[in-house]
Amino acid sequence: MIPAAFEYHRPTDMAGVLAVLEEHGDDARVLAGGHSLIPMMKLRMAEVPHLIDLQDVSGLGGIDVRTGEVHIGAMTTQTEIIENAELAQVCPILKEAALQIADPQVRYMGTVGGNVANGDPGNDMPGLMQCLDATFELVGPDGTREVKARDFYEAAYMTDREDDEVLTKVVIPAHGAGYAYEKQKRKIGDYATAAAAVTIVSDMGKCVQASIAMTNLSDTPVWSEAAGAALVGTSLDDAAVDAAVSAMLGDIDPTQDNRGPIEFKKHAAAVILRRAIARAWSRA
Amino acid sequence: MKDEVTTREDRVEALGGMGCKRKRVEDARFTQGKGNYVDDLKLPGMLFGDFVRSPYAHARIKSINIDKAMAVDGVVAVLTAADLEPLGLHWMPTLAGDKQMVLADGKVLFQGQEVAYVVAKDRYAAADGVELVEVEYEELEVLTDPFAALESDVVLREDLQGDGNGLPDGAHGPRKHHNHIFYWEAGDKEATEQVLEEAEVVAEETVYYHRTHPCPLETCGCVASMDKVNGKLTLWGTFQAPHAIRTVVSLISGIEEHNIRVISPDIGGGFGNKVGAYPGYVCSVVASIVTGVPVKWIEDRMENLMTTAFARDYWMDGKISATKDGKITGLWCHTTADHGGFDACADPTKFPAGFMNICTGSYDIPVAYLGVDGVYTNKAPGGVSYRCSFRVTEAVYFIERMIEVLAIKLNMDASELRKINFIKKEQFPYKAALGWEYDSGDYHTAWDKAMKAVDYDGLRAEQAQRVEDFKAGKTRKLMGIGLTHFTEIVGAGPVKNCDILGLGMFDSCEIRIHPTGSAIARLGTISQGQGHATTFAQILATEIGLPADSITIEEGDTDTAPYGLGTYGSRSTPVAGAATAMAGRKIRAKAQMIAAYLLEVHDDDVEFDVDRFVVKGAREKFKTMKEIAFAAYNQAIPGIEPGLEAVSYYDPPNMTYPFGAYVCVMDIDVDTGVTDIRRFYALDDCGTRINPMIIEGQVHGGLTEALAVALGQEIAYDEMGNVKTGTLMDFFLPTAWEVPNYETDYTVTPSPHHPIGAKGVGESPHVGGVPCFSNAVNDAFRAFGLTHTHMPHDHWRIWKTANELGLHG
């Protein structure tokens, strides 16, 4: 648990960050809350000759609730998400999910940007962002570009972000829908055995819009378009929910680990999704 | 000095003696981060050691190249077996009479085995050096299954093959196969098998107690410092038995024992993990001797989980016979014990399976047999007693599962079956079929109190309703009621049958009373969180009449403390606690003579009263212990040497047998396998209670570790011998989140042979807790045809049970 030697950079603005990234390419990594990267470095599973600490870079924090959308700076911590009353009004699922991430000590340090940018399939925020159809803002040498969360994840730890880019912001449409983040885990601090993010909009007793994403059931988060579609137009009768669960099971691809074999994970995923749908519908 | 105005009750209270909830004196420093642990030690010029470890579970070592590592700036030395061999230190004796490689000698036998030891000027350089040691391995066939190991042609321990004229005996007698370690038995096999054959009812089950690991917050480590000027070696470390470590270091290094000083500073939990001797200690000592400067070695969490001291890994085949109406007639158990690559179990020499022969439990079983086969596999060595006396948790888990299995076979209530078979109060002292003589007990009283406290009949009625509701589709949650009545055997132990490596398992206390009436007492034990500085002072306060707050308890420095075998197996109170009381009584005997002299009466005319000696029949005439202490040093008393000191080495006449009655009420979500512990009631009888608050804390801690083991904590291997649970991500360590509210209760049945009647309590809740949690899980599925399912009961295994019973539709 002793990392290899590295150079520590602590720039104060984005230009400084980009300069180090440009100079060192994939030998450099940015550090946000450090809860994924630092353990990897200590295990010597990630070699990072140049570590760029983002904590002094201005303009990367803050939660900005605007009309119809929420802007969350990459360095915003999970605790800040949990404690922001305005955010809890317009996008309550964020708080519900953040409270299920790790433990209070970790949440004081762990950031939204780090959680979504690292590409760890166990992280909770990527699936949530896909469910909410969030957009990630990336800053690089050629300026700023936006990528949909649903297009961002390629494989475990592989994302659309280039080595010389920094994820600076998450923009989330205000959902105004029934919602639920349901997670089964073995213990506090664990990644999900299965987790589901669900939003449902209802009108006159019918579902008019639904979005479903699953966490830690594939090498990327899984936004199951078909699962959401199976609910739309129904009053969430058993057949509709069965169809959504069935569609979701077709989209996930879990692997065996200490949490259990594939068969169990699929079963748990179905149970968790049913519970999430029921709770979201009760709030819709 | 005279204090006639205070009442006797006031004087008792002022002592802070036995029975009071004295606050832990250790906590002021621990809660402020002011503890002094081995890794806090910083000595001038100190070097740091780190291990190159094997990635393979079984491999031959073709070559080791240290050139690149030596080229790292700051690396001072890289030790391999070849460097240790001239010193005879490339292997070391284990506590079980086997030997273990200090550094890989030609091959490795488990993943994580120590291959080379890098010594560097800072911790980072040491780790960099480890990365650059080049080891060429030739992989060998891996054996992780003990049953397969006993059939395999693959020889794990080539060093034990002998000269070709048959397999040499092991430390515990003949070996049946080259991967076999020992066969050990207790009881009467033939008579037991005959009873089974003729029995009206026989229940059979294989009960696996999985491999796990004690996980103290502080990992193992040491600092070795060889002073070449005066020839003295000082070894600070996380040792649960500092004197035993000193003797072992002396025996294997040849350094005379008076030139070795072993110091256990504050220790952040032990639970058996810190009883054994590890390669890190030997390498650090050698490195300090070679370099002439201190060398520190601290293992990290992964090293701790993967290499130092596993626990359990017992496959227990059981048969239990009874009459149709539930009177048990016999118990048969054969255990296959997976000991890993070296037999490093920490058991008394004559007991290679520890006190597994307490497995007749709390029950009056007329005839029994226990046989244990120890087996080598490609797993880490250890076999320590994780928060239990030697293999007692295995024994109690076995019998408490077999009782449940028998209850199912008899279609009988499991509480009723226990009550029919408990050893009765009037049967104590009770000679058990497997050899032990239980000193005392009152099981029916404890059990009835527990059943009443939880409203057992009400719980069963609720459970029956739940089953109906489940079958009717009204709920997806089942309810389990876990019962356990455990009997422990702790306080090892009588020197006539308990020794480790020939070291008798007595313990000791040495007391010095200072002239102004305060005292220091030193013991051969060492607290790792048990609160000895608090409780031993309470014992002494009551025995010698000086306030506990005026008594310093010191342990862990072999230069100052009397010889003792350390702290594990709940032995501190039964053995060192007894020594403390006995030494205190020697103080009191001398104080009585001094008091009589001062009061100008005959010795027999004074008697002890709380904190003083009073003249019989004239209680207004007295001398306080404080006054007596001053006189002892400063007044010439004819025929009495100055000073007030005493030492006692206590060899207990018997073990102690704490017991308890536990109940767990659990809800189980059959669809996800998630458990919810609704209630946990723990009644403990540890004899005389020294400090109820510390007892309660010990019970909470022990139950929490029991919950961990029962519900998920394991060291699991894949078929290649890779450890799958090497970090706290996968190794379950419960936090406040996972822990239920515990209800504690007690009865008091003092030990008849212990000077103060105390029996020890630190491990009872673990020993009793594991079967209680497990029985609750099993019980939840009893109505659906389950007889037994193995621990750990994590989500997916519970789900699998439900699935196999057809509960998922």
Side-chain angles (χ1 to χ4, degrees), chain A residues 1-6 35-36 39-45 47 99-107 120 122 182-196 216 238 242 245 254-276 278, chain B residues 48 50 72-74 120 122-132 219 298-304 476 669-675 707-708 711-714 716 718 723-739 792 794-800 802-803 808-809:
Chain A
M1 296 295 278
I2 303 289
F6 57 88
H35 277 91
S36 300
M40 298 287 273
M41 289 171 68
K42 289 175 111 176
L43 291 167
R44 298 197 178 209
M45 289 167 76
E47 191 157 350
L99 279 169
Q100 297 179 63
I101 295 174
D103 54 56
Q105 286 103 319
V106 171
R107 297 195 292 255
D120 186 329
E182 186 82 19
K183 179 178 180 180
Q184 180 175 351
K185 57 187 173 186
R186 296 172 296 179
K187 56 180 179 176
I188 203 82
D190 195 16
Y191 290 142
T193 301
N216 214 20
D238 288 351
D242 287 348
V245 168
T255 53
Q256 173 162 348
D257 60 19
N258 287 323
R259 292 174 189 84
I262 292 166
E263 188 193 8
F264 166 64
K265 289 191 172 183
K266 286 188 167 173
H267 191 110
V271 172
I272 293 300
L273 178 56
R274 283 178 192 280
R275 289 178 186 175
Chain B
F48 298 83
D50 195 1
V72 172
D73 189 24
D122 68 66
R123 188 64 190 82
Y124 292 87
D128 289 346
V130 165
E131 286 276 290
L132 294 172
T219 58
I298 305 288
E299 62 178 2
D300 69 24
R301 182 61 59 191
M302 291 175 72
E303 291 176 302
N304 178 261
R476 294 297 293 163
D669 181 335
V670 298
D671 292 320
T672 59
V674 174
T675 51
L707 176 148
L711 299 186
Q713 188 180 83
E714 65 174 324
D718 69 12
V723 181
K724 298 197 294 180
T725 52
T727 76
L728 296 185
M729 171 66 86
D730 287 309
F731 184 86
F732 176 38
L733 201 61
T735 68
W737 181 266
E738 290 85 10
V739 174
D794 56 4
H795 296 169
W796 91 259
R797 287 180 175 97
I798 289 176
W799 175 86
K800 182 165 169 277
N803 199 262
H808 294 143

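Quantities reported herein were computed from a predicted structural model and do not represent experimental measurements. Letters A, B, ... are given to chains in the order of the sequence lines, protein chains preceding strands, and every chain is numbered from 1.
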Next on the checklist: Tell me whether R259(A) contacts the main-chain N or O of H795(B) through its side chain, where contact means a donor paired with an acceptor under 3.5 Å.
Outcome noted: no
Checklist entry - Do N258(A) side-chain atoms and K724(B) backbone N/O form a donor-acceptor pair below 3.5 Å? => result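 Answer holds: yes.
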Item to check | Proximity breakdown for R44(A) and chain B, heavy-atom pairs closer than 4.5 Å | outcome: side chain
Checklist entry - What heavy-atom pair brings K187(A) and D730(B) nearest, and what distance separates the two atoms? => result NZ-N, 4.2 Å
Next on the checklist: Using every non-hydrogen atom in the two residues, find where A127(B) and I2(A) come nearest and quote the distance to one decimal.
Outcome noted: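 In terms of heavy atoms, the two residues are closest at CB-CB, 3.6 Å.
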Item to check | Proximal to chain B - members of residues 265-276 of chain A, heavy-atom separation under 4.5 Å | outcome: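 So far as heavy atoms go, H267(A), V271(A), R275(A) are the residues that approach chain B to under 4.5 Å.
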Quick check for you: to the nearest 0.5 Å, what is the distance between [X] atom [atom1] and [Y] atom [atom2]?
X       : Y       : atom1 : atom2 : answer
W799(B) : E263(A) : CH2   : CD    : 4.0 Å
K42(A)  : D300(B) : NZ    : CG    : 9.5 Å
Q184(A) : D671(B) : CD    : CG    : 10.0 Å
M1(A)   : M302(B) : CE    : CE    : 7.5 Å

Could you tell me which portion of [X] (side chain, backbone, both or neither) has an atom closer than 4.5 angstrom to a non-hydrogen atom of chain A?
X       : value
D50(B)  : neither
D128(B) : both
E131(B) : side chain
T672(B) : both

Next on the checklist: The criterion is ring pair (Phe, Tyr, Trp, His ring centres under 6.0 Å); which residues satisfy it with Y124(B), sequence neighbours excluded?
Outcome noted: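 Here no residue qualifies.
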Item to check | Atom NZ of K800(B) with >12 non-hydrogen neighbours under 6.0 angstrom | outcome: no
